[in-house]
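Okay, so here's the structure we're looking at.
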Amino acid sequence: MTATGTVISGSFTHAVPQPDNYLVVISTNPVAPSPANGTSYAIGATVGAGYTVIANGPGNAFSATGLANSTTYYIYVFSFNSLCIGGPLYLGNLTAT
C-alpha cells in the first residue's frame, strides 16, 4: 500500500481459485464489516455505519481519497462470484452437493 497525503492506494493477491469479483471496504474500525449476501454494493456505498466501499469488481487494486491525516484505516477485501444463486455471496461456508 502507498499512502500520500489523504490518499491510499494498494493491491492484493488474487484468491485461489480466483473469483470474478472483489468487494473492498475501508474503515477506521478494526472489526470487519458483514456485507449482506444478495446485496450489490456500489463504490461510495456503505456496508453498515463507518464502512465505505472503495472498489467492487474483478481487479485486485484499490484507491481511497479524502482520508484524514494521522488516522489508522483498515482495508477489508471480500471475494465473490457474481453469478452464484442468491448472490453475490460474501460470507458463509460453501459445501459441494
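Not a single donor-acceptor pair under 3.5 Å links the side chain of Y41 to the backbone N or O of A55. At distances below 3.5 Å, at least one donor-acceptor pair connects side-chain atoms of N60 with backbone N or O atoms of F12. In terms of modelled atom types and a separation under 3.5 Å, the side chain of N37 and the main chain of Y90 share a donor-acceptor contact. When atom types are taken as modelled, the side chain of T46 and the backbone of Y51 share no donor-acceptor pair closer than 3.5 angstrom. A side-chain donor-acceptor contact under 3.5 Å links N81 to the backbone of D20.
Closest approach of V53 and V47 over heavy atoms only: CG2-CG2, 3.6 Å. In this structure, A15 and P19 approach most closely via the heavy-atom pair CB-CD, 3.8 Å. Smallest separation of non-hydrogen atoms from A64 and I54: CB-CG2, 3.9 Å. Across every non-hydrogen atom of P88 and F80, the tightest pair is CB-CD1, 3.3 Å. For the pair N56 and I43, the tightest heavy-atom approach, listed with the atom from each and the gap, is N-CG1, 4.1 Å.
Under the 4.5 Å side-chain heavy-atom criterion for ILVMFWY residues, no single connected hydrophobic cluster contains both V16 and V24.
Residue S79 holds its OG atom at 10.0 Å from CD of Q18, rounded to the nearest 0.5 Å.
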Report task. Please test I8 against L67 for side-chain contact (heavy atoms from CB on, under 4.5 Å), starting from the C-alpha separation and ending with a verdict. Result -> CA-CA 8 Å; I8 190 167; L67 306 178; 3.3 Å; yes
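T71 meets the side-chain contact (heavy atoms from CB on, under 4.5 Å) test with T28, A68, Y73; sequence neighbours excluded. Not a single side chain to side chain donor-acceptor pair (under 3.5 Å) links Y76 to another residue, sequence neighbours left out.
Remark: aromatic rings of F62 and Y22 are distant, center separation not under 6.0 Å.
Side chains of T6 and N69 form a contact here, defined as non-hydrogen atoms less than 4.5 Å apart.
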